[in-house]
Number of protein chains: 2
Amino acid sequence: MPVPLYQAKAEFFRTLGHPVRIRVLELLAAGDKPVRELRAAIDIEAASLSQQLAVLRLAGLVTKRHDKGDVIYSLSLPAVEQLLAAAREIIQTDAKGRGGLVDDLARPAATP
Amino acid sequence: MPVPLYQAKAEFFRTLGHPVRIRVLELLAAGDKPVRELRAAIDIEAASLSQQLAVLRLAGLVTKRHDKGDVIYSLSLPAVEQLLAAAREIIQTDAKGRGGLVDDLARPAATP
DNA sequence: GTTTCACTTGCAGAAGTATGCAACTCTGCA
DNA sequence: TGCAGAGTTGCATACTTCTGCAAGTGAAAC
């Protein structure tokens, strides 16, 4: 049973609509990462992270593989990276237009 | 109080995560439209459409103006159009990869 | 001024989504 | 084989979001 494109699109965006999932995708955009490292960067319960990773996996946005005792995740659709960049631009432009509502703390692990 | 960028991004995507809102944005991408016309194209209760338009307005994605007794909506962030196009490509690629889950009925009003 | 048409808002119930805990699985190693 | 550490899943609760109806607003026509 085929799904209308606009509905598939809505579901896709809904998948992106969660802070933890966004951060996971941005971290993975910089390169494959073990769960351990994602967990450290995001500072979240292991179970919650697994939950969100499962959502991303089911949506087909990430894939996992095992390597020497830990689990490595990677982006399966590189185009997602461009999408995130586009969103960043839109939001920053918009925020400027309204007076700087948005603070760039996108990567707390990178700038502690 | 500044909002972290990743959270703003999540909210932004969540705003896009609704079939009616996607269709409204795609219709508006083709040009400004009166509510009446959106309503005809999407085939939805007037109240529901208004609700979704209000969401888009609050998110700053569309603006409205009055003109000779009806209300005209337009995209306020043209970049959104590119975002939708990017999403379309990702989804179609993904769908092909999985065996054609997605049917292109994005614009039923345009090709009856 | 009031009638009409077009759109919007408020609200309550229904449905979907997130969270945290506890239990389970899997991998590597002694 | 049995243990330890790392991830994952299931489930119950709490929360958010959606939907449809009824009432309300606002601008043009009469």
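FYI, side chains are in, hydrogens and waters are out, and symmetry mates aren't considered; it's all heavy atoms of this structure. First the proteins, then the strands, lettered A, B, ... as listed; each starts at 1.
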Is the shortest side-chain N/O distance from [X] to OP1 or OP2 of [N] below 4.0 Å?
{"X": "A:Tyr73", "N": "D:dT8", "value": "yes"}
{"X": "A:Lys64", "N": "D:dT8", "value": "yes"}
{"X": "B:Gln52", "N": "D:dT19", "value": "yes"}

Round to the nearest Å and state the distance from [X] atom [atom1] to [N] atom [atom2].
{"X": "B:Asp67", "N": "C:dC5", "atom1": "CG", "atom2": "P", "result": "20 Å"}
{"X": "B:Ile44", "N": "D:dG20", "atom1": "CD1", "atom2": "C1'", "result": "11 Å"}
{"X": "A:His18", "N": "C:dG16", "atom1": "NE2", "atom2": "P", "result": "18 Å"}
{"X": "A:Arg39", "N": "C:dG20", "atom1": "CZ", "atom2": "P", "result": "13 Å"}
{"X": "B:Glu45", "N": "C:dA6", "atom1": "CD", "atom2": "P", "result": "15 Å"}
{"X": "A:Leu53", "N": "C:dA18", "atom1": "CG", "atom2": "P", "result": "14 Å"}
{"X": "A:Asp70", "N": "D:dG7", "atom1": "CG", "atom2": "C1'", "result": "10 Å"}
{"X": "A:Lys68", "N": "C:dT27", "atom1": "NZ", "atom2": "C1'", "result": "13 Å"}

Look at the side chain of [X] and decide which nucleotide, out of [options], has an atom nearest to it.
{"X": "B:Val71", "options": "D:dC21, D:dG10, C:dC7", "answer": "C:dC7"}
{"X": "B:Arg57", "options": "D:dT9, C:dT9, D:dC21", "answer": "C:dT9"}
{"X": "A:Ser48", "options": "C:dC21, D:dG7, C:dG20", "answer": "C:dG20"}
{"X": "A:Arg14", "options": "C:dG10, D:dC21, C:dT17", "answer": "C:dT17"}

Next on the checklist: I want to confirm an ordering. Mapping B:His66 and B:Val55 to their closest nucleotides on DNA chain D, which one lands closer to the 5' end?
Outcome noted: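 Upstream on the strand: B:Val55.
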Next on the checklist: I want to confirm an ordering. Mapping B:Ser50 and A:Gly17 to their closest nucleotides on DNA chain C, which one lands closer to the 5' end?
Outcome noted: B:Ser50
Item to check | 5'-most by nearest nucleotide on DNA chain C - A:Gln51 or A:Gly69 | outcome: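 Final value for this comparison: A:Gln51.
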Next on the checklist: Tell me every residue that passes side chain to side chain donor-acceptor pair (under 3.5 Å) with B:Arg21, counting only those two or more places apart in sequence or in another chain.
Outcome noted: B:Gln52
Checklist entry - Between B:Arg39 and B:Glu45, is the closest basic N to carboxylate O distance under 4.0 Å? => result no
Checklist entry - Measuring from B:Gln82:CD to A:Ile90:CD1, what's the distance to the nearest 0.5 Å? => result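 Here the rounded value is 7.5 Å.
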Checklist entry - Under 4.0 angstrom, heavy atoms only, what part of the nucleic acid is A:Arg36 near: base, sugar-phosphate, or nothing? => result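 Sugar-phosphate: the residue A:Arg36, judged by heavy atoms under 4.0 Å, touches backbone atoms but no base.
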Item to check | Nearest atoms (heavy-atom pairs only) where A:Pro19 meets B:Tyr6 | outcome: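 Answer, listing the atom of A:Pro19 first, then B:Tyr6: CB-CD1, 3.9 Å.
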Checklist entry - Taking B:Ser74 for the side chain and B:Asp32 for the main chain, is one N or O donor matched with an acceptor at less than 3.5 Å? => result no
